[in-house]
Q: 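Encoded as structure tokens, here's the structure I'll be asking about.
Each chain gets a letter, A, B and so on, in the order the sequences are listed, and its residues count up from 1.
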Amino acid sequence: MSDSEDMPLAIRKKNANNSSDHSDSDSDVPLGKRKRSAARQVIKDDDEDDESIQNSGSDSDKPLVKRTRPAVRRKTYQEDDDSDDDDDGDYNSNHKNGSASKKSKDSNSSDSDVALAKRKPTTNGNGDAKRTKSAPKYKEESSDSDSEMPLAKKASAKKEAPAKKAAAKVKVESGSSKTSKSTSKSTSNGKTATSKSRVKSEPESDTKPKKPKKEEEEEEDLNAWWLNQNENEDDSVKWTSLHHNGVFFPPEYIPHGVKMKYEGKAITLAPEVEEVASFFGAMLHTEHAENPTFRENFFKDFSKLAKRHKTVPEIKSFSKCDFTPMYEYFQAEREMKKSMTKEQKQSLKEEKLALEEQYGICYLDGRKEKVGNFRIEPPGLFRGRGKHPKTGCLKLRVQPEQVTLNLSKDAPVPKAPAGHKWAKIVHDDTKTWLATWKENVNDSTKYVFLAAGSSLKGQSDMKKFEVARRLKGEIEGIRRGYMADLKDKKMFIRQRATAMYLIDRLALRAGNEKGEDEADTVGCCSLRYEHVTLEKPDIMHLDFLGKDSIRFQKDMKVDEQVFKNIRLFKREPAQEGDELFDRLKTSELNKHLQNLMPGLTAKVFRTYNASFTFQDQLQKLTPADGTVAEKLLAYNRANREVAILCNHQRAVSKGHAGQMEKIQDKIRALKYQKYKLKRTILTLEPKLKKKRPEFLEPESDLEDSWMDEYEVQLMAKEKEKVTLKWEKENQRRKENKEKPQTEKELKDMLKEVDARAKELAKERKSGNVPGARGATVEKCEAQLLKLDERIAATRTAMTDKDENKQTALGTSKINYIDPRISTAWCQKYDVPLEKIFTKILRDKFKWAMTVDPDWEF
DNA sequence: GTGTGTACTTAGTAAATAACTT
DNA sequence: AAGTTATTTACTAAGTACACAC
């Protein structure tokens, strides 16, 4: 049944609006319902049991006013808060009797001392009366017990709660136990296991043992850096020699002369103005062009430019602009492009190839490497995502004078376009970029890098996964550590541990601070009050916009202490807009992680959990003796688990609803057949009506009106078929000089179809269905079973498709899943690699091709 | 510590192609 | 052959992380 059930942690997002309601009663897929109760209140009630923090009303009184807006948040708060900062320590967790936590603003200086201190009920400073009562000696708490949660995986979580009481409160400081009992051989630099076997079945990159005759192959060998990796080389120096041809600038603007209208009249624009108007015109009827912010920003820049060019009449109002003529022009252009002749297309292709030849290649330490984005970004309207305040602003054309090139000293400096020069030429061998410039809208820096398949990128990619694999060996201790820290007296540590829990278990991003003029999105450390709600015993609802303004919405059962902590953090800030982790910053978090394991940062958890989950799922789902198709299905399902974990989404495609409807109709057609078969059975053996009443039950979701329509269509198709057959036959006869069939023959046949249609109608009415010749009850029953299978299969496919509609598998495949898991799997199960990796991916992951079939992440 | 800037990874979507229909 | 639809690649925005200046 619904997977949500066994999938505690990462319950899937509820598809709020998108739930395409397939009404099929029995088929609906319960995708998880939203449980959004009034969490806040809940908390309140439970307060009683819990610590008092509140009475420390005092604290709240402070001017916590922090910024209302997300942007600047922390600072203000911090400031005023400083004072009490220290005492967080004081605050303690409660434990059953409700202890008090409080944060007296008072003095206690060093937070450090707070250490276990808490117990002292005493009032601190201001008398917050907190009822510190009982102050149990804090420590020992139970909960850490379950620390080792398996993470993410469904099943596990469910039970995890009670678990063993291990008591291991281990403080985990850094080092954390080395429990690496793990299998992983070679934690180090991957090179270990490698060597030998190569994934087979890949035509193109197969370096066979035989001697390469083509020089390309030789070259490939030279490029096989992964074969002789040198452990600790200084990796701050990225190259010793770098030659390239610079960057490609988009062509000058060529005016098309199509005039937009202003106040209903065609208006003449200078080419520069026309260009910008065209940017908008081309986007008419897109979501962006409907976005008010986008329009405003566009218009501001556009009207200013128009004014500068003394456009008459002056363009003062967006609403008086009509870009339709331009829109239509571009539509026509598009059509034109589609209908280009072969030759035209061919020559276009050649041009592109020539460009790639010139700019798409560079020499790094003498080796030929591909350059990624060698084209300077063309001017246009900035397409900021979500509620980006600057979306729609004019992105100016980049001039060579803004572009700095990076290459080695001995490399010839590429010529700047005629009449231009470069901003600067540098020779920085600690950087991987070939060119850079500043973009005008957000003042951000843009770079030209090598392609994903290059050695530089490949090396760092491999390194990334090796770090994640090292985490695999440390994760147990790290988890134990943060579980214990959840109860630390220092607020800061507690927040840090709680954040680690979320990052680890929910694959949240770190959540750096953001500026005012960016979309308001958050990650773990920047979560705010309003993004989290709690529901009584231990359910947490997260709902916020993450990277790219993609909504993250999940409800999950969390550890008891995490629940308490969050309740506490939520209480501190006075109002919405405040940060949940008000004393935690990503830099501090990472600093701590670095101590736990060199190279560890917040994002590594995502990589680790993604790869680990994938391997785990793949191993569980792959049918060893299934067909390739079945194995691929398993692969994709494992991939999807990961995509869901990482919340990788995509827009639902335009035709999706229609496609679902089509499949639904297919299912209905199958049900229709079932219905007919059942009637046939009853016609053959009326007695069964009593004995097998189920034969009388109507098929779900199969209405008479639908069947009427279906039969009509069926007959129409039949007629078409008959006609076609007739025509074909005549064609044949003609060729063979035989006598053609007459029109009458066709008519007769069509009449037969009509007769059949009547029969169908009659059958439906009477319920009497004779069935095919030779039909027997047994045969019909067998067919019924087959139909059930097909229905089930189709329904599964539909569920699959529906779930996939908003889940993007690509991102995790490209960035999070260690490709060696895939290449090993392909070898082990004999699946051709190209079934799972496209050409570009095979190129990007060539370093991962040489693993043993039993390689483990 | 905070604040700012840089460099590089990760991300969804638009455009281009390939595969499949009609 | 043309029209769809599905898949792959190109594009560039939006993150993370860390260094450096104050």
Q: Between the protein and nucleotides 1-6 of chain C, which nitrogen or oxygen pairs are less than 3.5 angstrom apart?
A:
unit_1 : atom_1 : unit_2 : atom_2 : d
C:dA6  : OP2    : A:Q659 : NE2    : 2.8

Q: Could you check which residues of residues 436-452 of chain A get a heavy atom under 4.0 Å from DNA chain C? Sort them by number, please.
A: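 When residues 436-452 of chain A is checked for heavy atoms under 4.0 Å from DNA chain C, the hits, listed by number, are A:K446.
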
Q: Distance-only, no hydrogens or angles: does the A:R470 side chain make a donor-acceptor pair with backbone N or O of A:F465 under 3.5 Å?
A: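 Answer holds: no.
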
Q: Just wondering, are more than 12 heavy atoms of other shown residues or ligands nearer than 6.0 Å to NZ in A:K390?
A: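 Atom NZ in A:K390 is crowded, with more than 12 foreign heavy atoms closer than 6.0 Å.
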
Q: To the nearest Å, how far apart are A:Q459 CD and B:dA7 C1'?
A: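 Roughly 17 Å, once rounded to whole Å.
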
Q: Got a salt bridge between A:R496 and A:E588, using NZ or NE/NH1/NH2 to carboxylate O under 4.0 Å?
A: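 No.
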
Q: Only counting residues at least two apart or in another chain, list the ones meeting side chain to side chain donor-acceptor pair (under 3.5 Å) with A:Q402.
A: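 Result, side chain to side chain donor-acceptor pair (under 3.5 Å) vs A:Q402: none returned.
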
Q: Judged by atom type as modelled, is there a donor-acceptor pair below 3.5 Å linking the side chain of A:K238 to the main-chain atoms of A:D428?
A: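 A pair under 3.5 Å: no.
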
Q: Using whole Å, what does the distance between atom P of nucleotide B:dA7 and atom CG of A:L434 come to?
A: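 Nearest whole value for this atom pair: 13 Å.
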
Q: Would you mind reading off the distance between A:F248 atom CZ and C:dA10 atom P, rounded to a whole angstrom?
A: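 Interatomic distance, CZ of A:F248 to P of C:dA10: 15 Å.
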
Q: Taking only N/O atoms, report every protein-nucleotides 10-16 of chain B pair under 3.5 Å with atom names and distance.
A:
unit_1 : atom_1 : unit_2 : atom_2 : d
B:dT10 : OP1    : A:K603 : NZ     : 3.2
B:dT10 : OP2    : A:K464 : NZ     : 2.6
B:dT10 : O3'    : A:Y816 : OH     : 3.1
B:dT10 : O2     : A:K547 : NZ     : 2.6
B:dA11 : OP1    : A:R509 : NE     : 3.3
B:dA11 : OP1    : A:R509 : NH2    : 2.7
B:dA11 : OP1    : A:R606 : NH2    : 2.7
B:dA11 : OP1    : A:Y816 : OH     : 2.9
B:dA11 : OP2    : A:H648 : NE2    : 3.0
B:dA11 : OP2    : A:Y816 : OH     : 2.9
B:dA11 : O4'    : A:K547 : NZ     : 3.4
B:dG12 : OP1    : A:Q649 : N      : 3.0
B:dG12 : OP1    : A:Q649 : O      : 3.4
B:dG12 : OP2    : A:T811 : OG1    : 3.0
B:dG12 : O5'    : A:Q649 : O      : 3.3
B:dG12 : N2     : A:R385 : NH2    : 3.4
B:dG12 : N3     : A:R385 : NH2    : 3.4
B:dT13 : OP2    : A:A651 : N      : 2.9

Q: Just call it for A:G511: base, sugar-phosphate, or nothing, with non-hydrogen atoms closer than 4.0 Å on any strand.
A: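 Touches sugar-phosphate only.
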
Q: Whole-Å distance between C:dT7 P and A:K805 NZ?
A: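 Going from NZ in A:K805 over to P in C:dT7 covers 17 Å.
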
Q: Does a salt bridge link A:E377 with A:K446, judged by any charged N lying under 4.0 Å from a carboxylate O?
A: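 Looking at A:K446 together with A:E377, the answer is yes, because their closest N to O distance falls below 4.0 Å.
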
Q: Residues two or more places apart in sequence or in another chain: which of them pass side chain to side chain donor-acceptor pair (under 3.5 Å) with A:S339?
A: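 Checked A:S339 against side chain to side chain donor-acceptor pair (under 3.5 Å); zero matches.
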
Q: Please confirm whether the backbone N or O of A:S408 pairs with a side-chain atom of A:D429, one donor and one acceptor, at under 3.5 Å?
A: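 No, A:D429 side chain to A:S408 backbone: no donor-acceptor pair under 3.5 Å.
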
Q: Would you mind reading off the distance between A:F845 atom CZ and C:dT8 atom C1', rounded to a whole angstrom?
A: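 One finds 15 Å between C1' of C:dT8 and CZ of A:F845, rounded.
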
Q: Can you confirm whether A:K464 is buried at NZ, in the sense that more than 12 heavy atoms of other residues, nucleotides or ligands lie under 6.0 Å from that atom?
A: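 More than 12 heavy atoms, drawn from other residues, nucleotides or ligands, come within 6.0 Å of this atom.
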
Q: So what does A:G372 hit on the nucleic acid, given a heavy-atom distance under 4.0 Å: a base, only sugar-phosphate, or nothing?
A: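 Since no nucleic acid heavy atom lies under 4.0 Å of A:G372, the category is nothing.
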
Q: If you assign each of A:T838 and A:A510 to its closest nucleotide in DNA chain C, which residue comes earlier from the 5' end?
A: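 The residue whose closest nucleotide sits nearer the 5' end is A:T838.
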
Q: What contact category does A:K238 fall into here, base, sugar-phosphate, or nothing, at under 4.0 angstrom with non-hydrogen atoms?
A: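 Sugar-phosphate: the residue A:K238, judged by heavy atoms under 4.0 Å, touches backbone atoms but no base.
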
Q: Contact class for A:G655 vs. all strands (heavy atom < 4.0 Å): base, sugar-phosphate, or nothing?
A: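 It contacts nothing in the nucleic acid.
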
Q: Side-chain donor-acceptor pair under 3.5 Å between A:Q553 and A:N647, yes or no?
A: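 No.
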
Q: Could you check how far CZ of A:R583 sits from C1' of B:dT2, rounded to whole Å?
A: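 After rounding, the gap between these two atoms is 18 Å.
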
Q: Check the distance between B:dT4's P and A:E516's CD and give it to me in whole angstrom.
A: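 Atom CD in A:E516 sits about 12 Å away from atom P in B:dT4.
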
Q: How many whole angstroms separate atom NZ of A:K424 from atom C1' of B:dT6?
A: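 In whole Å, B:dT6 C1' lies 12 Å from A:K424 NZ.
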
Q: Do any N or O atoms of the protein come closer than 3.5 Å to N or O atoms of nucleotides 18-22 of chain C, and which pairs are they?
A:
none

Q: Could you tell me how the ring of A:Y447 sits relative to the ring of A:F449: parallel (under 30°), tilted (30 to 60°) or perpendicular (over 60°)?
A: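 Plane angle under 30°, so parallel.
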
Q: Could you check whether A:T430 gets within reach of a base, just the sugar-phosphate, or nothing at all, counting any heavy atom under 4.0 Å?
A: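 Answer is sugar-phosphate: A:T430 comes under 4.0 Å of backbone atoms only.
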
Q: Take a 6.0 Å sphere around NZ of A:K387 and say whether it holds more than 12 heavy atoms from other residues, nucleotides or ligands.
A: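 Atom NZ in A:K387 is not packed in, count stays at 12 or less.
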
Q: Can you work out whether A:I376 or A:A519 has the more 5'-proximal nearest nucleotide on DNA chain C?
A: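 Between the two, 5'-proximity favours A:I376.
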
